[in-house]
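Here the structure comes first, spelled out in structure tokens, and everything after it is commentary.
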2 protein chains.
Amino acid sequence: MDRKVDTRSRILDIAEASVLDKGFEATSIEEIVAGAQISRGGFFYHFKDKNALARAMLERYIETEDLLYDDLFARARELNDDPLHCMLIGLKLLAEMLAEMPRGHPGCVIASTAYQDRLFDEGVRTLNRQAILGWRKRFRGMFEEIAKVYEPRETVNMDALGDMVSGVVEGGLVLQRALREHNNASEQIMLFRTYLKLLFAPKLS
Amino acid sequence: MDRKVDTRSRILDIAEASVLDKGFEATSIEEIVAGAQISRGGFFYHFKDKNALARAMLERYIETEDLLYDDLFARARELNDDPLHCMLIGLKLLAEMLAEMPRGHPGCVIASTAYQDRLFDEGVRTLNRQAILGWRKRFRGMFEEIAKVYEPRETVNMDALGDMVSGVVEGGLVLQRALREHNNASEQIMLFRTYLKLLFAPKLS
DNA sequence: TCCCAACTGTACCACGAGTCCAGTTGACCC
DNA sequence: GGGTCAACTGGACTCGTGGTACAGTTGGGA
């Protein structure tokens, strides 16, 4: 039984690394089995097809991403109890984290599948959707907490503002990939942070 | 000679529609030649491989996108000569345009190729990069004009702010694709517009 | 000792990209 | 009217990849 778990997660590790590097379509089963040192038959024993692999990867990725956000904002909360400052610290930590990741953060997985969605079945697409809706809910909640304390200087759609966190990260990652630069995503997050500072700044100015 | 030009752009039309709908990899040469009513041999007469097709598509796309921005902000300028208000009107027009496009705007082409870049050769990647750098320059210039008149309330990196236009559009399009909603990109642009309003607002408050 | 989950290995099919190439069509020119 | 050349057609072939099928091997636990 341990053997199975090992092999399965080894496949997922290799696949994830390769998908983040080259995209899903460009990642062949051949190279996964070579990397994981198993036979083709072994691969199909664990995953009935590439869709099943994609689903498993997304599930695992979303889980770790959620834990990462939990941890990030928990650490931020420890440093400051105020919801706005907690958010600002959390975003700073996120930006630092993004800057440290040379090949740039798994956020890609979502965009990567979104842009090739015809290759995937409904299960994968639903997972993708669920992940983004989850982040929307998370950040929307945090922004509402902030708005209770600091009245926003302009009225904004809170769902859209929640989405903006994901959107800015994803957009930043697209820029980063296309430009072959390394800190665009983190810069974009810092700009978004400035946005929040301005939006929720006390009215005295 | 006319025949050649016709066929070539017919191929590009069909390919572009299909790529925007399904992604590059999922678009087969088979279906392109079927749509364009030519033979496989005919396709390879015009494009030596799929990379050549991608390059031609990107070139054409970037050109029309640039013209679109030219037109958009020219119209905005006609309505208001002030650089900030011109920008705000232009973004509003952009948001409206994005909202009207059901399947969501060709911005995809850039992200789509960015996320499958191993499938493409250096020529395609360079084009991609050039496009984003072009937009950076364009918007950076506009923001600097604004900053001459309205001192920004927070110091921001102007290159990054320029990138943010592209980034917010691309990120919005990713959300839109993944969520299967239709107005995320336009909402995100409107939020970015609010950002600019706050950033360049006169200090009196 | 036997059993079963976790594999290996091989043979096989479908499909799409890309090559090669011989032949056809039609516009334009002498 | 005949020649030329660019713009094709059509078919045969290779190769890589996803996916199926299935028979056989291995190793740890009851």
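Chain A is the first sequence line, chain B the second, and so forth, proteins listed ahead of strands; every chain is numbered from 1. Computation of the quantities below employed the complete heavy-atom set of this structure, encompassing side-chain atoms and omitting hydrogens, waters and symmetry-equivalent molecules.
Across the interface with DNA chain D, nearest-nucleotide mapping of Asn51(A) and Ile38(B) shows Ile38(B) to be the residue nearer the 5′ end. Nearer the 5' end of DNA chain C, as judged by each residue's closest nucleotide, is the contact made by Ser39(A), out of Ser28(B) and Ser39(A).
A salt bridge does not link Arg55(A) to Glu59(A): none of the charged nitrogens lies less than 4.0 Å from a carboxylate oxygen. In this structure, Lys148(A) pairs ionically with Glu145(A), as a charged nitrogen and a carboxylate oxygen lie closer than 4.0 Å.
In this structure, Gln37(A) places its CD atom 17 Å from C1' of dA6(C), rounding to the nearest Å. Between Lys50(B) atom NZ and dT19(C) atom C1' the separation is 17 Å, expressed in whole Å. One atom, CZ of Phe44(A), and another, P of dT17(D), lie 13 Å apart when rounded to the nearest Å. Taking atom CD of Glu25(A) as the reference point, atom P of dC15(C) lies 16 Å away to the nearest angstrom. Between the OH atom of Tyr45(A) and the P atom of dG18(D) there is a distance of 22 Å, given to the nearest Å. In this structure, Phe47(B) places its CZ atom 13 Å from P of dG18(C), rounding to the nearest Å. When the P atom of dC20(C) is taken as reference, atom CZ of Phe43(B) falls 17 Å away, rounded to whole Å. Residue Glu30(B) contributes atom CD, which lies 13 Å from atom P of dG10(D) at whole-angstrom precision.
The side chain of Thr7(B) places an N or O atom within less than 4.0 Å of a non-bridging phosphate oxygen (OP1 or OP2) of dC8(D).
Ring-plane geometry between His85(B) and Tyr150(B) is classed as perpendicular, the angle between the planes exceeding 60 degrees on a 0 to 90 degree scale with a lower cut at 30. In this pair, Phe139(A) and Tyr69(A) present their aromatic rings perpendicular. The plane angle is above 60°, beyond the 30 to 60° band.
With hydrogens and angles ignored, no donor-acceptor pair under 3.5 angstrom links the side chain of Arg40(A) to the base of dG9(C).
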